[in-house]
Amino acid sequence: AEASAVPPQAKGSWMSFVKKSLASFNGDLSSMTAPPFILSTTSLTEYSSYWAEHPPVFVAPAGEQDAQKRAMLVLKWFLTTLKQQYSSRSEKLGSEKKPLNPFLGELFLGKWQDDAGETTLVSEQVSHHPPVTAYCINNNAHGVRLQGYNAQKASFKTRIDVRQVGHALLRLDKFDEEYLITLPSLHIEGLLTGSPYVELNHHTLIQSSSGFTAKIDYSGKGWLSGKKNSFTAAIYRNGQEKSPIYTVDGQWTSDFVIRDAKSKTTVSSWSHKAEKTTPLTVAPLSEQDDLETRRAWGKTAAALQKGDMNLASQEKTIIEERQRAQRKREAVETREWDRIFFRRTENYDRLKALAMKIGEGVEADKTNGVWEYSDAKAQKAVKPYREGVMPVGKSA
Ligand code: HCR
């Protein structure tokens with residue numbers, strides 16, 4: 001049996017939390033009141049950084065002339081992100097934790113500096129009801145940009161099931177090429193034993209504008225290997241699933257091998273043990289804006305760390321009241337909060353076309369709109385939000 005993360009004195013409160021959540025769950029994970037030991041001191045806006053913790057792998061497709069191999073390198077990069085995205089909290093903290101619920105306008109800004117040069121991250125909470133986080137990760141030197149946004153829709157029956165709504169879009173400037181990445185649904189295992197962790201469900205699809213589709217099937221405990229977090233993946237020309245060009249298999253938390261589907265020879269491989277992540281640099285708290293997550297949540301996080309729940313909830317209330325006052329001002333002025341780096345767009349035909357190729361839609365109604373990074377907004381934000389941190393591209 002899995003070891004329990006529940007402190008012995010909290011066993012009763014954990015079970016009553018599970019029962020209460022089961023009975024009253026409304027689909028919004030952020031509104032769930034969880035016991036203190038399961039609360040994280042990190043906000044969901046920080047999770048956007050999981051997309052590029054190996055910047056050289058993120059930019060690698062831009063250096064490949066062959067479209068088929070580029071699609072393979074995009075798949076490889078995506079697979080390398082899964083460990084950080086879905087299992088890093090469990091590995092570091094002993095179990096999955098409930099992240100801080102970002103407020104509207106909350107920002108997380110940072111950069112990675114390594115062999116790939118400078119890669120910048122902007123993450124912004126663009127909606128509070130429903131909660132939606134948008135991000136843009138940019139490497140100007142290599143002409144690579146990832147942007148996307150996500151919301152979560154959950155249900156709680158015998159386990160918590162989470163459907164991610166939204167998408168990620170990778171752009172390679174040099175080839176005027178785009179890749180639409182769907183987000184996997186997931187569920188939380190280990191709830192009854194008090195050691196929650198994430199398992200991925202079903203599949204992810206990556207559709208390129210150059211005509212390749214990648215499909216990643218998550219099988220939990222692999223039916224052949226019996227190892228957890230197993231997956232298989234294949235790349236094929238759009239609509240030709242039966243004739244793969246590359247196949248991949250392994251575990252997204254450790255190793256995988258990419259093979260030529262015909263000859264079965266290894267074309268690339270990955271081992272998390274052998275590869276270090278590049279640490280993200282974030283400005284010192286003293287230089288951060290009040291909207292930046294670590295500064296905004298600093299006092300709440302410190303109180304949570306000390307186990308002082310009264311102080312944590314007082315600090316949280318200060319943030320919530322400030323937000324309510326701000327919403328009232330906006331209502332009086334009949335305007336809505338002006339997002340700092342992102343804007344809603346009606347102009348997403350390219351996105352829709354890519355989504356249609358894999359039988360997907362763009363669910364704008366579930367994410368309070370379709371969100372896009374705005375270089376024009378970022379230009380304006382450069383002064384208050386530290387020159388050099390923001391990915392400012394050529395177009396508006
Ligand atoms: C479901 C989840 C919040 C959302 C997290 C997302 C989907 C956010 C976007 C990232 O790109 C990827 C990502 C990774 C996380 O695995 C996922 C979180 C896992 C748990 C958390 C729940 C809200 C926590 C539930 C609390 C339980 C343990 C009581």
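When a ligand or atom number is given, it counts from 1 through the structure's own listing order. Note: hydrogens, waters and symmetry copies are ignored here, and every other heavy atom, side chains too, is used.
- Close approach to Q85 involves these atoms of ligand 1, each under 4.0 Å from a residue heavy atom: 10 (C), 11 (O), 12 (C), 14 (C), 15 (C), 16 (O).
- For the pair K352 and Y348, the cation sits on the ring face: its NZ or CZ lies under 6.0 Å from the ring centre, inside 45° of the axis.
- If you check which protein heavy atom lies closest to atom 9 (C) of ligand 1, you get N150 ND2, 3.4 Å.
- Near F17, with a cut-off below 4.0 Å to any heavy atom, the atoms of ligand 1 are 29 (C).
- At the top of the distance list for atom 8 (C) of ligand 1, counting protein heavy atoms only, stands Q152 NE2, 3.6 Å.
- Evaluated by nearest non-hydrogen atom to atom 27 (C) of ligand 1, the leading choice among R163, E96, M32 is M32.
- For atom 3 (C) of ligand 1, the closest non-hydrogen atom on the protein side is L44 CD1, 4.0 Å.
- Residues S30 and D28 bring a donor and an acceptor atom of their side chains to less than 3.5 Å of each other.
- The closest side-chain donor-acceptor pair between S195 and T193, if any, does not fall under 3.5 angstrom.
- In this structure, atom 20 (C) of ligand 1 has a protein heavy-atom contact shorter than 4.0 Å.
- Using a 4.0 Å cutoff on heavy atoms, Y50 does not count as a contact of ligand 1.
- Contact check for K111 versus L121: no side-chain heavy atoms found under the 4.5 Å cut-off.
- Under a 4.0 Å criterion applied to the non-hydrogen atoms of I188, ligand 1 contributes the atoms 20 (C).
- Closest approach of N150 to Q152, counting heavy atoms only: ND2-NE2, 3.3 Å.
- With a heavy-atom cut-off of 4.0 Å, P196 touches ligand 1 through its side chain alone.
- You'll find the ring centres of H167 and W371 outside the 6.0 Å limit.
- Of the protein's heavy atoms, Q164 OE1, 3.3 Å lies nearest to atom 7 (C) of ligand 1.
- Counting all heavy atoms, side chain and backbone alike, D289 lies closest to R295 at O-CD, 3.4 Å.
- Looking at R327 and Q323, their side chains do bring a donor and an acceptor atom within 3.5 Å of each other.
- Closest to atom 15 (C) of ligand 1 among all protein heavy atoms lies R89 NH2, 3.1 Å.
- Shown in contact with V198 at under 4.0 Å from a heavy atom are these atoms of ligand 1, numbered in order with element: 16 (O), 19 (C).
- Ligand 1 has no N or O atom lying under 3.5 Å from any N or O atom of Y86, backbone or side chain.
- One finds a salt bridge joining R145 and D375 here, because a Lys/Arg side-chain nitrogen approaches an Asp/Glu carboxylate oxygen to under 4.0 Å.
- Taking each of T133, L29, L82 in turn, the one with a heavy atom nearest to atom 22 (C) of ligand 1 proves to be L29.
- Shortest non-hydrogen contact noted between S40 and L100 is O-CG, 3.7 Å.
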